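Working notes, beginning with the structure itself.
The chain is numbered in sequence order, starting from 1. Predicted model, so just to flag it, every value in this text is computed and none were measured.
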Amino acid sequence: MSSPVDKAALLGREAAILARFVLVGLANTAIGYGLILGWLRLGLGDYAANVAGFAMGLPISYGLHRHLTFRARNRATLSEALRYGTAFLIAYAANLAVIALGRGAGFERSALVQGLAICTYAGVLFVLTRITVFRAQPARSLRES
């Protein structure tokens, strides 16, 4: 059974991971969002601009999250990369669903809709990568640390 100290330590570690995820994501998103908005201004449609921004950010996102967010110590494997790719595709589908809803509501080429879509993507990606790609290590008691 976990003690309150163990639970607090685990909660603190997870909060630190979430904070790193947000910081890495903000940097990655700033670049991708800027590209998306630029491509929208150049006349690309919502979907084309969005796909281009996310496609360029995928390998960067994987590397940054692997090393900075989750601080993975094991060697990267094809299985891990495929799990990340799958998590990305699911999160990206949620992102596109938000864009489709926005367009359906009459908001084409909307910076607000694109921003909401990115936030949706980020939330889904965090949960999936934490659960399926960079799994939480079993909590150790303070005596084992």
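Closest approach of Trp39 and Ala49 over heavy atoms only: CE3-O, 3.7 Å. Nearest heavy atom pair, residue Ala87 against residue Thr129, reads CB-CG2, 4.2 Å. Nearest heavy-atom pair across Thr132 and Leu128 is OG1-O, 2.6 Å. In plain terms, the two heavy atoms of Ile36 and Gln114 that are nearest each other are CG2-OE1, 3.7 Å. Considering all non-hydrogen atoms of both residues, Leu125 and Ser61 come closest at CD2-OG, 4.3 Å. Here the closest heavy-atom approach between residue Ala76 and residue Tyr62 is recorded as CB-OH, 3.7 Å.
Although no hydrogens or angles enter the test, the distance criterion places no donor-acceptor pair under 3.5 Å between the side chain of Tyr84 and the main chain of His65. For the pair Arg109 (side chain) and Gly43 (backbone), a donor-acceptor distance under 3.5 Å is present.
The side-chain hydrogen bond (donor to acceptor under 3.5 Å, both in side chains) analysis of residues 90-102, with sequence neighbours excluded, yields the pairs Asn50-Tyr92, Asn50-Asn95.
Between the CG atom in Leu116 and the OG1 atom in Thr120 there is a gap of 6.5 Å [rounded to 0.5 Å].
Here the side chains of Asp46 and Glu108 are in contact, with some heavy-atom distance below 4.5 Å. The closest side-chain heavy-atom distance from Arg83 to Ser79 is below 4.5 Å. In this structure, the side chains of Arg66 and Val133 stay at 4.5 Å or more apart for every pair of heavy atoms. Proximity of Phe126 to Ile17: side-chain heavy atoms (C-beta onward) are separated by under 4.5 Å at one or more points.
Hydrophobic clustering of Ile, Leu, Val, Met, Phe, Trp and Tyr side chains at less than 4.5 Å, counting indirect connections, keeps Phe70 apart from Leu23. A chain of hydrophobic side-chain contacts below 4.5 Å, direct or via other Ile, Leu, Val, Met, Phe, Trp or Tyr residues, connects Leu37 to Val51. Placement of Ile118 and Leu58 within a single hydrophobic cluster is found when ILVMFWY residues are connected by side-chain heavy-atom separations under 4.5 Å, directly or transitively. Under the 4.5 Å side-chain contact rule for hydrophobic residues, Ile90 and Ile131 do not share a cluster. Hydrophobic clustering keeps Leu26 apart from Leu64 (ILVMFWY residues linked when any side-chain heavy atoms are closer than 4.5 Å, directly or through intermediates).
Residue Tyr33 places its OH atom among more than 12 non-hydrogen atoms of other residues, nucleotides or ligands, all under 6.0 Å distant.
Remark: of the listed residues Val24, Leu18, Val22, Val24 is the sole one forming a side-chain contact (heavy atoms from CB on, under 4.5 Å) with Thr69.
Every residue meeting the side-chain contact (heavy atoms from CB on, under 4.5 Å) condition with Tyr47, not counting sequence neighbours, appears here in chain and number order: Leu96, Ile99, Ala100, Arg103.
The residues Glu14 and Arg130 are annotated as salt-bridged, a charged nitrogen and a carboxylate oxygen being separated by less than 4.0 angstrom.
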Inset, instruction - Quick one: do Glu80 and Arg75 satisfy salt bridge (Lys or Arg N to Asp or Glu O under 4.0 Å)? Show the steps, please. - result: CA-CA 10 Å; Glu80 178 186 271; Arg75 264 182 91 106; over 6 Å; no
